[in-house]
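Below, all heavy atoms of this structure are taken into account, side chains as well, without hydrogens, waters or symmetry copies.
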Amino acid sequence: MTIRKGYIRPIDFRHGRVDMTHGSGGRAMAQLVEELFLAAFDNEWLAARNDQACFAVPAGRLVMATDSHVVSPLFFPGGDIGCLSVHGTVNDVAMSGAKPLYLSASFILEEGFPLGDLKRIVESMAGAAREAGVAIVTGDTKVVERGKGDGVFITTTGVGVVPEGVNISGERARPGDRILVSGNLGDHGVAIMSLRENLGFESSIRSDTAALHGLVADMVRAVPDIHVLRDPTRGGLATTLNEIARQSGVGMLLREDSLPVRQEVAAACEFLGLDPLYVANEGKLVCICAPQHAQLLLEVMRSHALGRDAADIGEVVEDPHHFVQMETGFGGRRIVDWLTGEQLPRIC
Amino acid sequence: MKYIDEFRDGNIARALGRAIAREADPGRGYHIMEFCGGHTHAISRYGIADLLPGNVRLIHGPGCPVCVLPIGRIDNAIDLALHRGVILAAYGDCLRVPASGQLSLLKAKARGADVRMVYSSADAVKIAREHPEREVVFFAIGFETTTPPTAVAILEAQKLGLANFSVFCNHVLTPPAIANILESPEVRRYGTVPLDAFIGPAHVSTVIGSRPYEYFTEEYEKPVVIAGFEPLDVMQAVLMLVRQLNEGRAEVENEFSRAVTREGNVKAQALVAEVFELRRSFEWRGLGEVPYSALKIKAKYREWDAEARFGIEYRSVADNRACECGAILRGLKKPQDCKLFGTVCTPENPVGSCMVSSEGACAAHYAYGRFRDFEEVGL
C-alpha cells in the first residue's frame, strides 16, 4: 500500500461527529477550520490564518454590534441558525443606518454533534454573508462535553460604517413622528413554534429571517434624517416600541387595524394564546420618522422586496409615563405593555 | 380570521354600546360581575369599559384558576419538585405564582427542581412514559374546564399501568365560589358591595351546562347571562343583563348558545364523576375555606393520587399583609386600590396571585388599562 506524502484523510462530513479534539487546538481543530470554515467563508483575511483580522478602516463613524444565537430547533422553515446568526448581527449594525462590512463568528459545539449538520449550518452562514456583502473575517471554535450544550451556539459580531449626516438613535422619537413597520409581524416566532415537539401543528409559515441593510440603505438615501430604526426581534414589536418610548421619553399610540399580520400567523397565535405583537421577527424593522417623511419612506420600503407590506401603524405622542397605547379594532383603548416573562424560549 | 373576526367587529360593538347607553337607566347603577378570568382578560384587552356608559360597571370576579390557588398548595408542589426528586409537570401560568420563601415554581426550577411546562394533561402522561425511572407528578389546577382532561389522564395511566405517574389535584368548582361571594356579609347583609348581576363563564359552562346557575337566580334573585369570551359576546351579555335588571327579571340566559346547552357536556361530567369526589373543604386564595368547593381523587384511583403517594400535608400560609388580592377577588376592591399595585407588585415581581396570570384582575389592569389611572394621559 502506498500512502501519498502529506496526505490527510479528509473529514467525514457524512458520518462524522464533533468530538473533543475539534476544540483542542491541535491538528483535528486545524483540519476542521481549514476544510470547513476557511473553505466556506473563503476570504483573504481568513486565508492569512492569523488570530485576528486586520483591515483598513474607512472614513466615518464605526458601528459595532454582537449577537448570540441559541435557537431551537437549529433548522426551521425559512432558515437555520447559520443564516440567522448572520442576519441578526447584520441587522443590528444596519439599524444605525450603517453599511455592515465585517463579521466575526464564534462557535460553541457540543460533543457528538453531526459534522454534516455543522457543514450545512456553516454553508448557510457563508451564503447569507455573501448575499449580504459582508465577510466573516475571524472566528473561534470551542467544544463542550455531550450534555453541556445543545448542538451548536453561534455568536457573531459585526462592524460597519455610518454614512455622513445620518444620526439614527433610539432616543430621537419626537411627539408627532410616525411609526412605520416594514411588513408582516410574527412570522419567525410562529415558524419556530410550529416545530416545537409538544405543539406540532402543520403550517405554511416560514421564518422571515433576512438581512435588512439593503432596505435600510434605500431608506437612508431617500430620507437621511430618519429618527429611529430597530428590528423587533425577541419580545416582538410591543417590546421594541416600549424600549424606544422609554429611551426617547415619549408615548406612542398605535391603531390595531393598521398592524400587518398574516392570516395564518394570526390564526396560529389565536390557537396558541399568543399575541403577534410579542412574537419575534428576524427580517422586519420599525422606523420612526418626522410626519412629512412618512409617505416617501413607505413608498421606498414598498418598492423593496423586504418591505412590500410596509405600513404606517401609529404615531409618537407626549406622555410622561411613556405608555405605548393602542386603539383596538373593537373601538376601545389599551396599553401595549412590555413582554412579561418568557413567551417563547430560545427563539433566536 | 373566519369565525373569530365576526365576534370582534368594532361597528357592531359601537352599535351595542349605543344600545346599552340608550337602555341603561341614568338614575341607577348596574354592577355586573364577570366571574371568569377569560372575560376579565377580554374586557381589558379590547377596552370594553370605554364603550360602556359610566353607570354600567364591570366587577372582576374570582374565576382565574391561578389567582385562587392558595400559597400552601404551591408550596406543596415546590416541595415535590425540589425535595422529592419528581418531575413536576405544570401549566405555564402556574410557574410564576409567588409562594413561601420568595420561591415560585420557576425559581425552584432555577435551583435545580425538574419543572416542565405542559400544554395539556396528555403531555404529562407522555413525560411519564418517556421517563419510567422517574416519578412524574401532574400539578392539576383549574375549574371545570380543565378537570375532564385530568380525569382522562388518570384513566389513561390506569390503562397503561403507569406506576410512575400521579396527579396533585387542585381542581375547584365554580358554583360554590359564586355562592360564597353572594353569601359574603358585604353583599348579602350590609349591601356595601353592590352586585346586581353575573356574566356566567364560557368554557366552564360548556362542561357543566347552564342549569347550575338557575339556583342563583332563584335563591339570590341575581340575573345570570352565560357569555362567550369574545368581546362582542361580553357586550351582548351586558345588554341582556341591563334589560333583565330594567324589567326586574332574574333569569339564566344563554348568550353563548353556540357552545353551551342546559345540560352541558354529559360525557365529560361522567368522566369527572368516575374519577373525582367532593372535598369537604378547600382553601381559596381570597375567599378562604369554602365548603364543598373542590375535588379530590377517589380512593379507587388512589394509586395515581400524589397526595396519597407522597403523603402531602397542607399547611395554610397567609398572604402578604398589604396585598389586597383577597378583597379584589371578591369584588370589594379594584386593583388600583391596592398600595402595592404597580409599585412593589408588578407582573415581573408579583406579590399577589392576581398579578400573575393574564386573567388576573391586577395583571389585566396593569398590562392593558393602567393608563386610565393617570389623568394627564388623555390624548
May I ask you to check whether over 12 heavy atoms, not counting those of [X], lie within 6.0 Å of atom [atom1]?
| X | atom1 | answer |
| --- | --- | --- |
| A/Arg246 | CZ | no |
| B/Arg129 | CZ | no |
| B/Arg14 | CZ | yes |
| A/Arg234 | CZ | no |
| A/Gln292 | CD | yes |
| A/Arg146 | CZ | no |

>> I'd like to verify something: which residue of B/Pro231, B/Gly10, B/Gly92, B/Gly47 has the highest number of heavy-atom pairs under 4.5 Å with chain A?
In response: B/Pro231

> When heavy-atom pairs shorter than 4.5 Å are enumerated against chain A, which of B/Ser358, B/Ala13, B/Ala367 gives the highest number?
Replying inline: B/Ala367

Working to the nearest 0.5 Å, report the span between [atom1] of [X] and [atom2] of [Y].
| X | Y | atom1 | atom2 | result |
| --- | --- | --- | --- | --- |
| A/Thr328 | B/Ile48 | OG1 | CD1 | 8.5 Å |
| B/Tyr368 | A/Gln325 | OH | CD | 14.0 Å |
| B/Phe371 | A/Leu253 | CZ | CG | 9.5 Å |

> What pairs meet the salt bridge (charged side-chain N to carboxylate O under 4.0 Å, His left out) rule with one or both residues in residues 359-369 of chain B, with sequence neighbours excluded?
Replying inline: none

>> Counting only non-hydrogen atoms closer than 4.5 Å, does A/Glu270 touch chain B with its backbone (N, CA, C, O), its side chain (CB onward), both, or neither?
In response: side chain

Please flag which part of [X] lies under 4.5 Å from any non-hydrogen atom of chain A: side chain, backbone, both or neither.
| X | value |
| --- | --- |
| B/Arg8 | both |
| B/Ser44 | backbone |
| B/Ile12 | neither |

> By side chain to side chain contact (heavy atoms under 4.5 Å, CB included), which residues pair with B/Cys325, not counting sequence neighbours?
Replying inline: B/Cys323, B/Ser353, B/Cys354

> Of all heavy-atom pairs between B/Tyr119 and A/Met193, which one has the smallest distance, and what is that distance?
Replying inline: OH-CE, 3.5 Å

> Does any non-hydrogen side-chain atom of A/Phe330 lie less than 4.5 Å from one of B/Arg45?
Replying inline: no

>> Taking B/Asp50 first and then A/Arg334, would you say they form a salt bridge - that is, a charged N and a carboxylate O separated by under 4.0 Å?
In response: no

>> Check the orientation of B/Phe374 and A/Phe323. Use parallel for under 30°, tilted for 30 to 60°, and perpendicular for over 60°.
In response: tilted

